[in-house]
*Asks:* 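Structure provided below as structure tokens; questions to follow.
The sequence lines fix the lettering, A, B, ..., with proteins before strands; numbering per chain opens at 1.
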Amino acid sequence: METRLEHDVHLHPNHQRRLAQSVMRRQLSLSLKIGAVFLVMLFGLPLVNYFLPELANTPVLGFTATWLFLAVLFYPVTWLLSWVFILQSNKIETEITASLQHESATQRASDSNEGGKA
Amino acid sequence: MIEFIPLAFVILIILATVGLGIWATKRSSTASDFFVASRSVGVGMNASAISGEYLSAASFMGVAGLVMRYGYDTLWYPVCYAAGYLFLLLFIAGPLRRFGAYTIPDFAEGRFDSPFFRKIAVTFVLFIGFFYTMPQMKGAGVVMGEIMNWPYWVGIVVVGAVITFNVAIGGMKGITFVQAFQYWVKLFAISVPIFVLISVFGTYGERMNDNVQNPAGQPQFAETTAMTIKGAAGAPANVLNMKGPASYQIGPDSEFQVDKPSALIQLPNTEIQSLIILPDAALAATGTAFAANSPIISQQPVGVVMDEGKSAKVTFQAASVVSFDTATNVPNAPDNQTWLSPFGNFTNKQGYPLLYTYSLIMALVCGTAGLPHILVRFYTNPDGRAAKRTTFWVMVLIGVFYMFTPVWGTLARAIVPNLYANNRTDAAVISLPTALASPLLGAILSGITSAGAFAAFMSTFSGLLVSMSGAVAHDIYGRIFRPKSSPESRLVAFKVATVFIGAVSIGLGLLVEQFDIAKMVGWAFAIGAASYFPLLLLGSWWRGLTMPGAATGMLVGGFASVGTIVTVMIIDKSGQAGVVPPLARVLMEQPAIWAVPLSIILMITISKITKAKVPADVDLKMLRLHAPEEMGISKNYIEH
């Protein structure tokens with residue numbers, strides 16, 4: 001079974017699988033990296049609260065440090081993480097598209113060369 | 001006249017909603033418009049609409065109420081409601097849009113080429129949807145009760161009927177505009193009044209500092225305050241947890257019991273004569289004392305004085321007026337230290353605070369990715385990149401909103417602590433403005449927050465109705481019963497389904513008056529977290545997932561969560577809270593910590609066993625999920 005793509009790329013099933021794996025691996029590794037930062041923050045804070053209550057309850061501007069962090073500062077940090085993710089993710093996708101187009105152009109060139117010989 | 005101002009605001013927002021819905025409907029003609037707004041909605045509009053749909057009664061009223069009632073522990077609700085979108089962005093938003101299906105059931109069927117699996121997925125649209133509508137309905141009942149003194153059910157029936165009508169005529173296109181509009185109404189309503197209130201009652205930091213500086217302190221009544229406490233029918237809201245110093249009168253005409261022996265309680269002699277002690281009481285029918293937990297029925301007021309450091313739990317069998325004297329500690333209010341610190345009454349009630357906290361976080365973060373009415377909106381993005389940009393802006397819009405909610409809870413604790421006594425903390429955002437010295441200004445600000453609350457449950461309930469009715473019309477009717485039905489007859493089916501589901505939602509709303517709004521929403525999230533989230537995560541990223549694996553994980557995880565949560569609800573409603581051991585109670589009340597891993601492990605194990613059932617074109621499917629649009633692999637599941 002073959003799939004017809006734009007730029008006249010015919011994908012053989014084996015090629016499909018390789019392509020799917022490489023595309024997914026790059027995207028997943030980015031997601032996991034940023035997800036790890038987020039999870040450390042999310043699951044680390046209860047541990048700080050539990051094991052270092054004095055640090056968590058340090059007064060800051062009338063609040064406790066842990067209240068200020070969770071109720072106010074947490075949001076901008078998630079915005080930053082998501083912004084970094086989108087920039088990186090779009091970059092990866094542009095690279096994938098470019099390399100595929102390059103590949104298909106090379107393929108076409110070699111196809112027409114072979115045609116010339118025949 | 002002043003008392004009608006909030007009602008005027010509410011009517012205004014209802015008219016604006018219905019009017020915008022009708023206006024937008026005129027521009028919506030095809031079936032595709034009806035279901036996914038033709039995939040033509042811009043990022044700004046779509047982000048506002050998703051935020052508008054997402055910020056429910058739980059966010060608008062419930063979070064402020066929970067923060068007021070329990071303090072730090074409940075900050076996890078707004079944080080995870082917002083942060084869940086980061087998870088959605090990292091793992092689900094892009095692939096889901098690229099796969100090009102209308103709904104989760106479309107994804108379920110398309111990913112495994114299995115119409116059977118669609119049926120299972122549809123079940124959960126309805127399950128999660130109904131769990132999520134219950135708190136919206138409670139919100140409607142509470143607001144109308146606060147501003148109009150209507151009975152609880154009237155608000156629910158009126159609001160439910162209006163929204164159901166609006167959705168039945170407008171569909172998805174209608175509500176996209178309406179919901180984008182409603183986001184901005186909500187942001188205005190949660191932010192502008194709080195600045196006025198801060199200028200009068202002190203800043204967020206100052207009111208927080210009151211708690212920090214005086215850890216042993218507790219909110220007190222600033223003046224003599226009388227209120228009605230519910231009877232046994234309102235359990236568990238029929239309890240006053242009193243802490244001395246306290247002086248208050250119960251009745252006339254009361255029926256109650258006290259959990260502590262008489263030494264704590266002195267009854268003024270003048271009122272003793274009319275105090276009747278039932279025959280099975282452990283003490284004599286006369287005197288100045290009575291035994292623990294013996295029922296007391298009195299036609300005359302019963303005065304109670306409690307010294308500092310004493311505490312007692314008063315439980316009412318029949319609704320009764322209680323009048324608290326000035327400087328009495330407010331019952332049911334945690335002391336400052338407990339309220340302010342992590343692991344207070346919310347997560348530590350059963351003694352497993354870390355476990356409870358983690359399970360709550362998992363339910364909320366994973367559950368965001370499993371909400372059917374939110375995910376359907378990602379299909380209205382033109383492509384995967386737009387879906388990601390939309391998610392970012394949603395995070396900003398809802399994050400800004402959520403930063404305001406604990407401010408309300410903190411100020412309400414300081415200014416209107418009487419809400420603790422009769423379990424009305426869910427009404428904090430409506431009630432706080434009325435504490436202003438100027439009744440006119442108070443009524444206007446309260447009108448604004450009431451309108452915001454209405455915008456909140458109207459938009460969320462609309463979204464849920466569209467998802468649930470869409471599931472019934474598009475999936476059950478259109479694909480299971482009448483695969484050859486015309487788009488027109490599916491539209492009719494959609495409208496009929498809307499009316500039916502609206503009616504069921506109203507009925508369910510009447511049953512849940514005593515549950516916290518935000519807590520109920522947490523349950524809907526827990527069910528989504530253990531059913532849809534594992535399906536979407538593994539379905540998007542693991543080529544080896546098979547239909548039997550996905551179905552088993554989803555069914556077991558989802559139904560196990562529903563089962564334990566419903567059991568907890570029934571136990572609480574029947575007043576038998578003590579029968580479950582603490583650890584079991586934590587795991588039943590917050591099932592995500594075991595249900596999500598269970599669901600994922602089942603999916604992986606069963607998929608490995610049924611390896612042969614991996615779809616033959618799975619690599620193409622994975623490419624459709626992940627390859628950039630420029631490669632031309634993505635296609636819309638339903639062409640139009």
*Asks:* So for T405(B), is it side chain, backbone, both, or neither that comes closer than 4.5 Å to the heavy atoms of chain A?
*Replies:*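 Neither part; nothing is under 4.5 Å.
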
*Asks:* Shortest non-hydrogen contact from V72(A) to M403(B)?
*Replies:*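 Distance-wise, the nearest heavy atoms are O-CE, 3.5 Å.
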
*Asks:* Hey, are the side chains of N211(B) and T64(A) touching, using non-hydrogen atoms and a 4.5 Å cut-off?
*Replies:*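 When only atoms from C-beta onward are counted, T64(A) and N211(B) do not touch, as no gap falls below 4.5 Å.
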
*Asks:* What part of Y85(B) is in contact with chain A, defined as an atom under 4.5 angstrom from a non-hydrogen atom: side chain, backbone, both or neither?
*Replies:*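 Answer is neither: Y85(B) stays 4.5 Å or more from chain A.
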
*Asks:* Using non-hydrogen atoms only, which part of I92(A) is less than 4.5 Å away from chain B: side chain, backbone, both, or neither?
*Replies:*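 Neither part.
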
*Asks:* Where on V212(B) is there a heavy atom nearer than 4.5 Å to chain A: the side chain, the backbone, both, or neither?
*Replies:*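 It is the side chain, since no backbone atom gets that close.
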
*Asks:* At a heavy-atom distance under 4.5 Å, which candidate from A82(B), A83(B), P406(B), S341(B) has the highest pair count against chain A?
*Replies:*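 Ranked by heavy-atom pairs under 4.5 Å with chain A, first place is A83(B).
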
*Asks:* Hey, do the aromatic rings of F392(B) and W83(A) have their centres closer than 6.0 Å?
*Replies:*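 Ring centroids of F392(B) and W83(A) are less than 6.0 Å from each other.
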
*Asks:* Could you walk me through whether F91(B) and L32(A) pass the side chain to side chain contact (heavy atoms under 4.5 Å, CB included) check?
*Replies:* CA-CA 9 Å; F91(B) 297 104; L32(A) 288 176; 4.0 Å; yes

*Asks:* Using every non-hydrogen atom in the two residues, find where F343(B) and P46(A) come nearest and quote the distance to one decimal.
*Replies:*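 Smallest interatomic distance, heavy atoms only, reads CZ-O, 3.5 Å.
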
*Asks:* Any side-chain heavy atom of Y75(A) sitting closer than 4.5 Å to one from M395(B)?
*Replies:*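 Counting from C-beta outward, Y75(A) and M395(B) never come under 4.5 Å.
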
*Asks:* Dump the intermediate steps for side chain to side chain contact (heavy atoms under 4.5 Å, CB included) on T78(A) and V79(B), then the final yes or no.
*Replies:* CA-CA 10 Å; T78(A) 59; V79(B) 164; over 6 Å; no

*Asks:* What I'd like to find out is whether the side chain of L89(B) reaches to under 4.5 Å of the side chain of I86(A), using heavy atoms alone.
*Replies:*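 When only atoms from C-beta onward are counted, I86(A) and L89(B) do touch, with a gap below 4.5 Å.
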
*Asks:* Would you mind reporting whether P342(B) and N57(A) have side-chain heavy atoms less than 4.5 Å apart?
*Replies:*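 They are in contact (side-chain heavy atoms under 4.5 Å apart), so the answer is yes.
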
*Asks:* What distance do S89(A) atom OG and R385(B) atom CZ have between them, rounded to the nearest 0.5 Å?
*Replies:*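 Between S89(A) OG and R385(B) CZ, I get 7.5 Å after rounding to 0.5 Å.
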
*Asks:* For a 4.5 angstrom cut-off between non-hydrogen side-chain atoms, does M208(B) reach L61(A)?
*Replies:*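 Of all side-chain heavy-atom pairs linking L61(A) with M208(B), none is under 4.5 Å.
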
*Asks:* Do you know which two heavy atoms are closest between W67(A) and G71(B), and how far apart they sit?
*Replies:*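 For W67(A) and G71(B), the tightest heavy-atom pair comes out as CZ3-C, 4.1 Å.
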
*Asks:* For F63(A) and T410(B): C-alpha separation, side-chain torsions, deciding distance, then whether side chain to side chain contact (heavy atoms under 4.5 Å, CB included) applies.
*Replies:* CA-CA 11 Å; F63(A) 300 82; T410(B) 307; over 6 Å; no

*Asks:* Would you mind telling me which of R207(B), R543(B), E206(B), R389(B) has the largest number of heavy-atom pairs within less than 4.5 Å of chain A?
*Replies:*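 Looking at each option in turn, the highest pair count goes to R543(B).
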
*Asks:* Of the backbone (N, CA, C, O) and the side chain (C-beta and beyond), which part of L70(A) lies under 4.5 Å from a heavy atom of chain B, both, or neither?
*Replies:*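 For L70(A), the contact with chain B is made by backbone and side chain together.
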
*Asks:* Which heavy-atom pair separates L42(A) from C80(B) by the least distance, and what is that distance?
*Replies:*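 Heavy atoms only, the tightest pair is CD1-SG, 4.3 Å.
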
*Asks:* Do you know the tightest heavy-atom contact between M24(A) and S540(B)?
*Replies:*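 Nearest pair, atom of M24(A) first, then S540(B): CE-O, 4.2 Å.
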
*Asks:* Within the structure provided, determine whether H626(B) and Q21(A) are in side-chain contact (heavy-atom separation under 4.5 Å).
*Replies:*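 SC-SC contact between H626(B) and Q21(A) ruled out.
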
*Asks:* Based on non-hydrogen pairs under 4.5 Å, which of I34(A), T66(A), V77(A) is most in contact with chain B?
*Replies:*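 That would be T66(A).
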
*Asks:* Is it the side chain or the backbone of V407(B) that comes within 4.5 Å of chain A heavy atoms, both, or neither?
*Replies:*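 Contact with chain A involves no heavy atom of V407(B) at all.
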
*Asks:* In terms of heavy-atom pairs under 4.5 Å, which option from L47(A), L30(A), L28(A) contacts chain B the most?
*Replies:*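 Most heavy-atom pairs under 4.5 Å with chain B: L28(A).
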
*Asks:* Side chain, backbone, both or neither: which part of F74(A) has an atom under 4.5 Å from a heavy atom of chain B?
*Replies:*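 For F74(A), side-chain heavy atoms alone lie under 4.5 Å from chain B.
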
*Asks:* Please flag which part of I398(B) lies under 4.5 Å from any non-hydrogen atom of chain A: side chain, backbone, both or neither.
*Replies:*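 The answer is neither part of I398(B).
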
*Asks:* Of the non-hydrogen atoms in L90(B) and S31(A), which two are nearest, and what is the gap between them?
*Replies:*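 Looks like O-OG, 2.6 Å.
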
*Asks:* Chain B heavy atoms under 4.5 Å from F38(A): which part of the residue, side chain, backbone, both or neither?
*Replies:*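 When you check distances to chain B, only side chain atoms of F38(A) fall under 4.5 Å.
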
*Asks:* Just do the side chain to side chain contact (heavy atoms under 4.5 Å, CB included) check on W79(A) and V400(B) with the steps written out, would you?
*Replies:* CA-CA 11 Å; W79(A) 300 340; V400(B) 168; 3.9 Å; yes

